[in-house]
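In what follows, a structure is listed as structure tokens, so that the remarks can point back to it.
Owing to the predicted nature of the structure, the values given are computational and were not obtained by experimental measurement. Note that ligands are numbered from 1 as they come in the structure, with each ligand's atoms numbered from 1 the same way. Excluded from the calculations below are hydrogen atoms, water molecules and symmetry mates; all remaining heavy atoms, backbone and side chain alike, are included.
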Amino acid sequence: MSKQALWSGRFAGGMAESTLDYTSSLDTDSAMVFFDVMGSLAHVRMLKKCRIIPDEDADKIIEGLKTIVSEIEDGSFEFDYTLEDVHTCVEYRLTDLIGPAGGKLHTGRSRNDQVATDFRMYLREAVLDTVSAIDNLVDTFIKVAQDHGETILPGFTHMQHAQPVTVAQHYLAYAFKLGRDADRFLDAYERMNKCPLGAAALAGTTYPIDRKMTAEALGFTSPTENSMDSVSDRDFVTELAFCASQTAVHLSSLAEELVYWSSQEFAFIEMDDKYTTGSSIMPQKKNPDIAELVRGRTGAVIGTLVNMLVMTKGLPLTYNRDLQEDKKPLMESLESLTQSLTIMAPVISTMTINKARMRECVENGFINATDLADYLVIKDVPFREAHGIVGEAVRYCIDNDKKLEELSVEEFKKFSERIGDDVYDYISIERCVERRNSIGGTSPASTDEQMLIAISELMAREDIVRQENGLAERCWNALLE
Ligand code: ARG
């Protein structure tokens, strides 16, 4: 015999098994069970303090909930799949443990505000884990940058040789992109960190509840402002889906680059054996499967964003059951993203950077052509004119199979009288890099500055994550006292 739903009074019979199967969210929301109990602990302590239920019932409920917490912790808590969701499971278990007093827990709340509260608490932790995984990768990029301040490779635009840059500059670019991703997650965290509990079904409640007390007990910055908004709103889910998508897109372009950088044609890097895979037929193969999977898993994360936008775009106020569908995709996206971030760190830190090959490639493609134009500018040639002169020199080199630095002074003079002996030093690759000294440029002095900024931003985020993790832990401990 299956147990009855919490709302069964109005119905003549139980629901069909197929209705339960189709509507149940237990498979997904069981992941929030700990937060569900925590929310209930905060709620019952508030009901007690506000004298909404008698002390002795409240105390029984608290003891029952604590037993449930230990059952969850030791793995003995049983999810009853004849019940429709995690909230129902916890309430039934409570009543099993303490009898009818368990039925007083739901005074002044609804599953609508409960689920919104649980999910925010679940996501707070998931976001902090994601930010830590991002920052671990940012830290990895900073370390590569520290080791390669003077390793030069071609910088590309349109996938064509453009100007020489350093490996430090290249990987710091990723450090800043991912740093912004982490910042975005923390911004969303702050906006999400308000407590919907007490909004009840949609209109608030007639009981003299203290929403500030429950919000504070659960580590939120304040109660949400409007009860109807509280139970209908899922923009925090959509926003996090965007944060995840943007991070996944950044990771995906990094992954794409690792794939072709490790090809025989590029050979800029070689991945460590530990982080590559082989072929069942071609014995020579060493494949960048991790990078390919990181790239391949991006689609599902972006899918979650589209899913959320479409799911909510036609919803009237307030709660609609459609909203139940928000959890699984975001939970899975954050988990998959965090796994990708986590595996990328050792892929990057253990790969070999092939300096000689990079250097060889820098020599080709007239990568110092801009610098030759800059040289002419110093000799008082207007930049536009200098650009034309160098263009002609490049064409001459192509026709004669030469590099710019291989031209003799006499040959140079055919293009401009102003070019002298000092040109060779000026257009040497090292000098090209060193001179890009502007803020954010590729010179070692500039990348050192960038590194300091990246490190201080990273440390500031680590402080926030530490603080927030500590706060949550303190809340849990106080509630369990
Ligand atoms: N399982 C539901 C969800 O995730 C809980 C809220 C149910 N509320 C309701 N009115 N049926 O959204």
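In this structure, F77 has its ring center under 6.0 Å from that of F79.
At the shortest separation from atom 1 (N) of ligand 1 among protein heavy atoms lies Q324 OE1, 2.9 Å. The protein non-hydrogen atom at the shortest distance from atom 10 (N) of ligand 1 is N112 OD1, 3.2 Å. Nearest protein heavy-atom contact of atom 6 (C) of ligand 1 is Y319 OH, 3.5 Å.
With D85 contributing its side chain and T88 its backbone, the two residues share a donor-acceptor pair below 3.5 Å. When atom types are taken as modelled, the side chain of R297 and the backbone of Q339 share no donor-acceptor pair closer than 3.5 angstrom.
Of the heavy atoms in E84, none comes closer than 4.0 Å to ligand 1.
Within ligand 1, counting atoms from 1 as listed, the ones closer than 4.0 Å to a heavy atom of D85 are 1 (N), 5 (C).
The cationic atom of R211 (NZ for Lys, CZ for Arg) does not lie both less than 6.0 Å from the six-membered ring centre of F220 and within 45° of the ring axis.
Between S25 and ligand 1, at least one pair of N/O atoms sits closer than 3.5 Å. At under 3.5 Å, a nitrogen or oxygen of K327, whether backbone or side chain, sits near a nitrogen or oxygen of ligand 1.
Test T304, T247, L305 against F242 for side chain to side chain contact (heavy atoms under 4.5 Å, CB included) and you get one pass: L305. Applying the side chain to side chain contact (heavy atoms under 4.5 Å, CB included) test between M358 and each of I152, T166, V167 identifies V167 as the sole match.
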